[in-house]
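See below for the structure under consideration.
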Amino acid sequence: MSFRPLHDRVVVRRLDAEEKTAGGIIIPDTAKEKPMEGEVIAAGPGARNEAGALVPLDVKAGDRILFGKWSGTEVKLNGEDLLIMKESDIMGIIPVTAAKKKAA
């Protein structure tokens, strides 16, 4: 990617929402909610504290995260729909083992 976020901003790719309910009902595109789970594509270097020291981010590229439904700004980079948000909009990191269990 030829985009580098500044300060405490991160670039996130939304992960696709389930297309079926637990009962097997297929959900049409118009009725789907926006997923609140994503993958960090790129992260800025961090924010500066009051003393001017750089405070690195807790997230890094490749992390699976959970964020608020209305968080971030939608952008299109290299033909792909992505979100740019501040690290403070991220609620947490989903461990890889939990993500694999959900996919199975």
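Nothing fancy with the numbering, it's 1 onward along the sequence.
Using a 4.5 Å cut-off on side-chain heavy atoms (C-beta onward), Phe3 and Val75 make no contact. By the 4.5 Å heavy-atom criterion applied to side chains, Asp58 and Glu87 are counted as neighbours. Taking the side chain as every heavy atom from C-beta outward, Ile94 and Glu37 approach each other to under 4.5 Å. Under the 4.5 Å side-chain criterion, counting only non-hydrogen atoms from C-beta, Ile41 is not in contact with Val12.
What you find for Leu57 and Arg9 is that their closest heavy atoms are CD1-O, 4.2 Å. For the pair Ala43 and Pro5, the tightest heavy-atom approach, listed with the atom from each and the gap, is C-CG, 3.7 Å.
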Exercise for the section: Evaluate the criterion side-chain contact (heavy atoms from CB on, under 4.5 Å) for residue pair Val11 and Leu83; output intermediate values, then yes/no. Expected result: CA-CA 6 Å; Val11 179; Leu83 288 170; over 6 Å; no

Exercise for the section: Give the C-alpha distance, both sets of side-chain angles, the deciding distance and a yes or no for salt bridge (Lys or Arg N to Asp or Glu O under 4.0 Å) between Glu74 and Arg14. Expected result: CA-CA 10 Å; Glu74 294 181 357; Arg14 284 188 196 267; 3.8 Å; yes

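Of the possible donor and acceptor atoms, none in the side chain of Asp63 sits under 3.5 Å from a partner among the backbone N and O of Ile65.
Remark: Leu6 engages Arg4 in a side chain to side chain contact (heavy atoms under 4.5 Å, CB included) (not counting sequence neighbours). A search for side chain to side chain contact (heavy atoms under 4.5 Å, CB included) contacts involving Asp81 returns Lys76, not counting sequence neighbours.
Atom CG in Leu15 sits 4.5 Å away from atom CZ in Arg64 (nearest 0.5 Å). Taken to the nearest 0.5 Å, the CE atom of Met91 stands 8.0 Å off from the CZ atom of Phe67. To the nearest 0.5 Å, atoms NZ (Lys86) and OG (Ser71) are separated by 12.5 Å. Taking CD1 of Ile84 as the reference point, atom CG of Leu77 lies at 6.0 Å (rounded to 0.5 Å).
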